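Throughout, protein chains are lettered first and strands after them, A, B, ... in sequence-line order, and every chain is numbered starting at 1. Just so you know, these numbers come straight off a predicted model, no measurement behind them.
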2 protein chains.
Amino acid sequence: MSEQIKTLFEEHDIKFTTARSSILEVLKEAHHPLNYEQIKEKMSVVMDKATFYRNIAKFEESGIVHKFEADDRKWYFELSSTTHAHFICEHCHQITCIDVDLGKVEGEVKSIVLKGTCKECHV
Amino acid sequence: MSEQIKTLFEEHDIKFTTARSSILEVLKEAHHPLNYEQIKEKMSVVMDKATFYRNIAKFEESGIVHKFEADDRKWYFELSSTTHAHFICEHCHQITCIDVDLGKVEGEVKSIVLKGTCKECHV
DNA sequence: TAATCAAATGCAACTTAGTTGTGACTTAGA
DNA sequence: TCTAAGTCACAACTAAGTTGCATTTGATTA
């Protein structure tokens with residue numbers, strides 16, 4: 001387990017378990033949001049989906065992980081970082097992180113999701 | 001039925017039915033996106049959810065209606081108009097339409113969803 | 001190191017928005 | 001009015017995510 005992840009557990013007063021570190025390990029390696037299925041495939045340990053979702057909920061509560069819905073009725077997860085936008089292509093379903101300048105928006109924005117056709121799929 | 005809706009059916013070569021006009025009537029009156037339950041409540045006729053979703057699918061195909069997922073695992077529908085953003089408050093779950101200036105984004109953007117805390121809920 | 005106990009896990013059953021198959025019924029057009 | 005193509009209601013289904021509960025695990029204390 002990486003030092004970075006160990007520190008996350010300590011900072012947020014979360015009990016260490018192999019299941020939890022395995023989830024965070026995957027999210028740390030990925031550089032874009034992943035859903036349950038994708039994370040499951042990459043994880044080194046096998047765990048029940050109930051365990052997965054409960055741990056994700058814990059991470060969310062602590063602000064370690066951020067989640068959002070794409071257009072496929074699935075939750076996508078990523079390690080929290082500065083607020084940035086996600087572009088979801090309706091054709092290839094690829095999710096990419098992008099920087100956008102919103103200008104002024106009233107209220108506090110926590111997530112931004114754009115949908116459409118990415119430049120690869122756009123004719 | 002309003003002339004506007006009658007015209008929509010003709011323009012898009014969609015067969016007229018009471019179920020269909022009832023759905024569009026509700027969407028026309030609403031000035032923000034609604035989900036199935038909300039539309040059902042407001043509709044003057046009773047229809048099966050299968051009928052509802054199949055008709056919505058038809059409208060989408062024709063580009064009359066636009067849909068997106070909020071953060072509650074439900075689809076929200078509205079009449080298509082110029083591309084604008086939706087702000088979903090994580091506290092009061094109110095969905096509001098807002099104008100944002102995205103600057104340059106590669107690809108073609110069809111929908112923009114912002115989530116966070118609206119100014120009413122923000123302390 | 002062993003005992004303790006709150007917290008985490010696995011399993012199975014459940015929830016629910018949305019989807020699909022099918023036979024009966026409408027609608028538009030001749 | 002008659003007919004074919006399309007639409008409808010009903011019921012059964014799908015699947016991501018949730019919940020209850022008995023068992024296991026890991027941080028803490030002795």
Do the ring planes of H86(B) and H66(B) sit parallel (below 30°), tilted (30 to 60°) or perpendicular (above 60°)?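 Correct class here is parallel.
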Measure the acute angle between the ring planes of Y76(B) and F68(B), then classify it against the limits of 30° and 60° as parallel, tilted or perpendicular.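 Rings of Y76(B) and F68(B): parallel, under 30°.
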What contact category does T51(A) fall into here, base, sugar-phosphate, or nothing, at under 4.0 angstrom with non-hydrogen atoms?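 Answer is base: heavy atoms of T51(A) come under 4.0 Å of a base.
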Reckon V46(A) touches a base, only the sugar-phosphate, or nothing at all at heavy-atom distances under 4.0 Å?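 Sugar-phosphate contact only.
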Closest approach of E90(B) to H93(B) (non-hydrogen atoms, all atoms of both residues):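 So the two residues come closest at O-CE1, 3.5 Å.
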Which heavy-atom pair separates W75(B) from D71(A) by the least distance, and what is that distance?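 Nearest pair, atom of W75(B) first, then D71(A): CH2-O, 3.3 Å.
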Which letters describe nucleotides 15-25 of chain C, given B = protein heavy atom under 4.0 Å from base, S = only from sugar-phosphate, - = neither? --SBBBBB---
Would one find more than 12 heavy atoms of other residues, nucleotides or ligands at under 6.0 Å from atom NZ of K110(B)?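 Yes.
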Residue K28(A) excluded, over 12 heavy atoms near NZ under 6.0 Å: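 Yes, enclosed.
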Expressed as a whole number of angstroms, how long is the span from I56(A):CD1 to dA8(C):P?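 Distance, rounded to whole Å: 15 Å.
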What is the separation between atom CG on D13(A) and atom P on dA6(C), rounded to the nearest whole Å?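 Taking atom P of dA6(C) as the reference, CG of D13(A) is at 17 Å.
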Boundaries of the chain A footprint along DNA chain D (any atom under 4.0 Å from a heavy atom):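 The footprint of chain A covers dA16(D) to dA27(D).
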Quick one, I64(A) and L79(A) - any side-chain contact, counting heavy atoms below 4.5 Å?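 Counting from C-beta outward, I64(A) and L79(A) do come under 4.5 Å.
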Going by an N to O cut-off under 4.0 Å, is there a salt bridge joining K67(B) and E60(B)?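 Counted as a salt bridge, because a side-chain N and a carboxylate O are separated by less than 4.0 Å.
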